[in-house]
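Residue numbering restarts at 1 for every chain, and letters A, B, ... go by the order of the sequence lines.
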Amino acid sequence: MTPDLGKYAVSVLSSYGVSIALIVVLVAWSVMRARRVRSALERIETRVRRNG
Amino acid sequence: MASVWEYANPVKFIRTTDRVMPWLWAGSAICLVVGLVWGFFFTPDDFRQGSTVKIIYLHVPSALMAINAWLMMLVASLIWIVRRHHVSALAARAAAPVGAVMTVIALATGAFWGQPIWGTWWVWDPRLTSFLILFLFYLGYIALWSAIEDDDSAADLTSILCLVGSVFALLSRYAVNFWNQGLHQGASLSLDKEENVADVFYFPLLVCIAGFVLLFIALVFLRTQTEIRARRTRVLLARERQG
């Protein structure tokens, strides 16, 4: 199942490792920031409505 | 028929993108998993480049998205300059970090590929150099947005920077054609079948490209929603401070 990468194993695996890690970090960062900003806005909108 | 300018309304934009985003996330995940597993496990080695050819499934899609993200920012910036729609300026802002990460992936995978094949991690080849400059433009663009407090002024200045940077986005695409020198090969994908990579690499590569495109769109939609909400938060806080 696992391909024999031969003498290029380090190059190929490093490429996949770095790329997948960067994509995961980018998606996680975007999702976490989206949640944080959304809840901050809801808090402020609730306060604004309460204070008229 | 609905006009595309309806989506310049932030509420309409958020409502519509909320509906399509689950499909985009699912589509990108499926395409990326299928394309990368297919490419990594089920394609043969290249007769010249050995197993390093497997890097193509990350290098080509990320390089493609690095350039196209900037071109998308260019279109959004032009819409801002001409029509003053905030959503388009915020979409350009939202796309920049995604494009920057795509550029880093393209540069990193290129270095990992170049080391065993060219015998060097880096060379001041026209395409590599223009790609590095494109990355610096991404950093400058992101920094400029953060450095200016007034959103409209930031959008104006970053739009101009985006217009200037577009020269390098196009150069990084066509550098190989403009200057017939350097180590980097020509385009891997072409309408001319003779110039294309072999079919056994081509089809998983297309699936990976589809995955990267869908991921980019999903991320830009999510991050644009975030920028719209962040802008609304700043406006409300400013109103509160004024009493």
Side-chain angles (χ1 to χ4, degrees), chain A, chain B residues 14 25 28-29 32 36 39-45 49-59 61-62 94 97-98 100-102 104-106 108-117 211-212 215 218-237 239-240:
Chain A
M1 174 73 177
T2 310
D4 178 18
L5 301 172
K7 59 182 177 178
Y8 302 127
V10 174
S11 295
V12 177
L13 294 176
S14 302
S15 293
Y16 277 75
V18 168
S19 303
I20 291 168
L22 281 171
I23 290 170
V24 168
V25 167
L26 176 66
V27 171
W29 170 48
S30 302
V31 170
M32 283 192 299
R33 182 162 178 261
R35 285 183 185 162
R36 202 173 56 239
V37 169
R38 190 179 194 146
S39 66
L41 176 60
E42 281 169 1
R43 236 182 3 257
I44 293 164
E45 281 182 330
T46 308
R47 196 171 66 213
V48 167
R49 269 196 298 272
R50 208 175 41 232
N51 297 342
Chain B
I14 288 178
W25 288 120
S28 72
L32 284 175
L36 290 176
F40 189 87
F41 292 101
F42 301 106
T43 57
D45 289 353
Q49 303 192 36
S51 62
T52 60
V53 74
K54 295 182 192 300
I55 299 174
I56 201 172
Y57 307 111
L58 293 162
H59 182 70
S62 58
V98 185
V101 169
M102 293 296 159
V104 172
I105 293 175
T109 52
F112 285 125
W113 202 349
Q115 207 284 327
I117 300 302
F212 270 77
L215 177 68
L219 279 168
V220 170
F221 279 175
L222 175 70
R223 297 178 65 87
T224 305
Q225 287 190 350
T226 304
E227 295 301 338
I228 290 170
R229 291 190 173 108
R231 185 174 185 277
R232 168 114 180 112
T233 304
R234 287 192 293 275
V235 169
L236 289 177
L237 286 175
R239 273 190 210 154
E240 264 192 341

With a 4.5 angstrom heavy-atom cut-off, could you sort out which part of [X] is near chain B: side chain, backbone, both or neither?
| X | result |
| --- | --- |
| A/Val31 | both |
| A/Val12 | both |
| A/Val10 | neither |

Atom pair [atom1] ([X]) and [atom2] ([Y]), whose distance is rounded to the nearest 0.5 Å:
| X | Y | atom1 | atom2 | answer |
| --- | --- | --- | --- | --- |
| A/Ile44 | B/Arg239 | CD1 | CZ | 12.0 Å |
| B/Phe212 | A/Ser19 | CZ | OG | 6.5 Å |
| B/Leu58 | A/Leu22 | CG | CG | 10.5 Å |
| A/Ile23 | B/Leu219 | CD1 | CG | 9.5 Å |
| A/Ser15 | B/Ile55 | OG | CD1 | 3.5 Å |
| B/Arg232 | A/Glu45 | CZ | CD | 5.0 Å |

Donor-acceptor pair, distance only, cut-off 3.5 Å: does the side chain of A/Tyr8 make one with the backbone of B/Ile117?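 No, the answer is negative, given that no donor and acceptor are paired below the 3.5 Å cut-off.
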Sidechain N-carboxylate O distance under 4.0 Å for A/Arg33, B/Glu227: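 Salt bridge present between A/Arg33 and B/Glu227.
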State, to 0.1 Å, how close [X] and [Y] come at their nearest heavy-atom pair, and which atoms those are.
| X | Y | value |
| --- | --- | --- |
| B/Ser51 | A/Leu5 | OG-O, 2.7 Å |
| A/Tyr16 | B/Lys54 | OH-O, 2.7 Å |
| A/Val37 | B/Ala230 | CG1-N, 3.5 Å |

Is chain A contacted by the side chain of [X], its backbone, both, or neither, given a heavy-atom distance below 4.5 Å?
| X | answer |
| --- | --- |
| B/Val98 | both |
| B/Glu240 | side chain |
| B/Ala108 | side chain |
| B/Leu215 | side chain |
| B/Arg229 | both |

Decide yes or no for B/Phe41 and A/Pro3: does some side-chain heavy atom of the first lie under 4.5 Å from some side-chain heavy atom of the second?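 The answer is yes, as the side chains (C-beta and beyond) meet within the 4.5 Å cut-off.
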side-chain contact (heavy atoms from CB on, under 4.5 Å) between A/Leu13 and B/Phe40, intermediate numbers included: CA-CA 10 Å; A/Leu13 294 176; B/Phe40 189 87; 3.9 Å; yes
Just checking A/Arg35: does its CZ atom have more than 12 heavy atoms from other residues, nucleotides or ligands closer to it than 6.0 angstrom?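 Open: at most 12 neighbouring heavy atoms sit under 6.0 Å from CZ of A/Arg35.
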Set out, in order, the CA-CA distance, both residues' side-chain angles and the distance that settles side-chain contact (heavy atoms from CB on, under 4.5 Å) for B/Leu236 and A/Leu41, then state yes or no. CA-CA 9 Å; B/Leu236 289 177; A/Leu41 176 60; 3.9 Å; yes
